[in-house]
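Lettering follows sequence order; numbering is per chain, from 1.
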Amino acid sequence: DSGVTQTPKHLITATGQRVTLRCSPRSGDLSVYWYQQSLDQGLQFLIQYYNGEERAKGNILERFSAQQFPDLHSELNLSSLELGDSALYFCASSAGPNFGEKLFFGSGTQLSVL
Amino acid sequence: AQSVAQPEDQVNVAEGNPLTVKCTYSVSGNPYLFWYVQYPNRGLQFLLKYITGDNLVKGSYGFEAEFNKSQTSFHLKKPSALVSDSALYFCAVRDGTTDKLIFGTGTRLQVFP
């Protein structure tokens, strides 16, 4: 068990809808990262938050947004969903702000857009 | 541009035999290199990392990786494979310019009894 909790585990929704994915980092970790894993794109970095502030941005679409709350949990909001957004979304956490550290991954949220 | 390549989609090995999962990288500056493993229906788990020092890095579950600067490679190795090692393995490199972690496409390791 990595200590990173993601909910829900599975999400089925329709095109055009909006969903929210939630992540609780490992106790004491200040950084939260969001990754998207799909068969054709592999593992793609979306965004990182450190202690409530956005620190790094990757290939995140404008339809997607995220935030990290004062209790350090994070939410990834996906709107105007398209079929191509179907993927496994991972959250990871680390103690500090740098990517040189070991990341702890949650078990992911499997999103299916029908 | 910084990148990492895993040239094999799948590696098959018999239990008890040595295994190698290949990774090559391209970065400017000194590389930070990582291996992660993903078991079915699970998130990625950290295996090992290289930042500096000894070229042979030892990690979890008996795995090790050899950093070769001249060949820009960071191959994952294990002397004796177990069926339970069957999983998806990802090599990753820290992009020194953007400070992001770039993952390879993954290599599926299948260990046969």
Is there a path of hydrophobic side-chain contacts, each under 4.5 Å between heavy atoms, that joins B:Val93 and B:Leu47? yes
Give the cluster check for B:Leu48 versus B:Leu33: same hydrophobic cluster or not, with ILVMFWY residues linked at side-chain heavy-atom distances below 4.5 Å. yes
If only atom types and distance count, is the side chain of B:Lys100 paired as donor or acceptor with the main-chain N or O of A:Lys57 below 3.5 Å? yes
For the pair B:Tyr36 (side chain) and A:Leu103 (backbone), establish whether a donor and an acceptor sit closer than 3.5 Å, ignoring hydrogens and angles. yes
Exceeds 12 heavy-atom contacts within 6.0 angstrom, atom [atom1] of [X]:
| X | atom1 | answer |
| --- | --- | --- |
| B:Asn30 | CG | no |
| A:Ile12 | CD1 | no |
| B:Gln10 | CD | yes |
| B:Arg108 | CZ | no |
| A:Leu39 | CG | no |

Run the side-chain contact (heavy atoms from CB on, under 4.5 Å) test on A:Tyr35 and B:Leu101 for me, step by step, so that the C-alpha distance in whole Å, both residues' side-chain angles and the decisive distance to 0.1 Å come before the verdict. CA-CA 11 Å; A:Tyr35 281 87; B:Leu101 198 59; 3.6 Å; yes
So which part of B:Ile51 gets closer than 4.5 Å to some heavy atom of chain A, the side chain, the backbone, both or neither? side chain
Under a 4.5 Å cutoff for heavy-atom pairs, which residue among B:Leu44, B:Asn41, B:Thr105 has the most contacts with chain A? B:Leu44
Chain A: which of B:Phe90, B:Phe46, B:Phe34 shares the most heavy-atom pairs with it under 4.5 Å? B:Phe46
Is there a side-chain contact between A:Leu88 and B:Gln38 (heavy atoms, below 4.5 Å)? yes
Go through the atoms of A:Gln37 and report whether side chain, backbone, both or neither lie under 4.5 Å from a heavy atom of chain B. side chain
Under 4.5 Å from a heavy atom of chain B, the part of A:Phe104 involved: neither
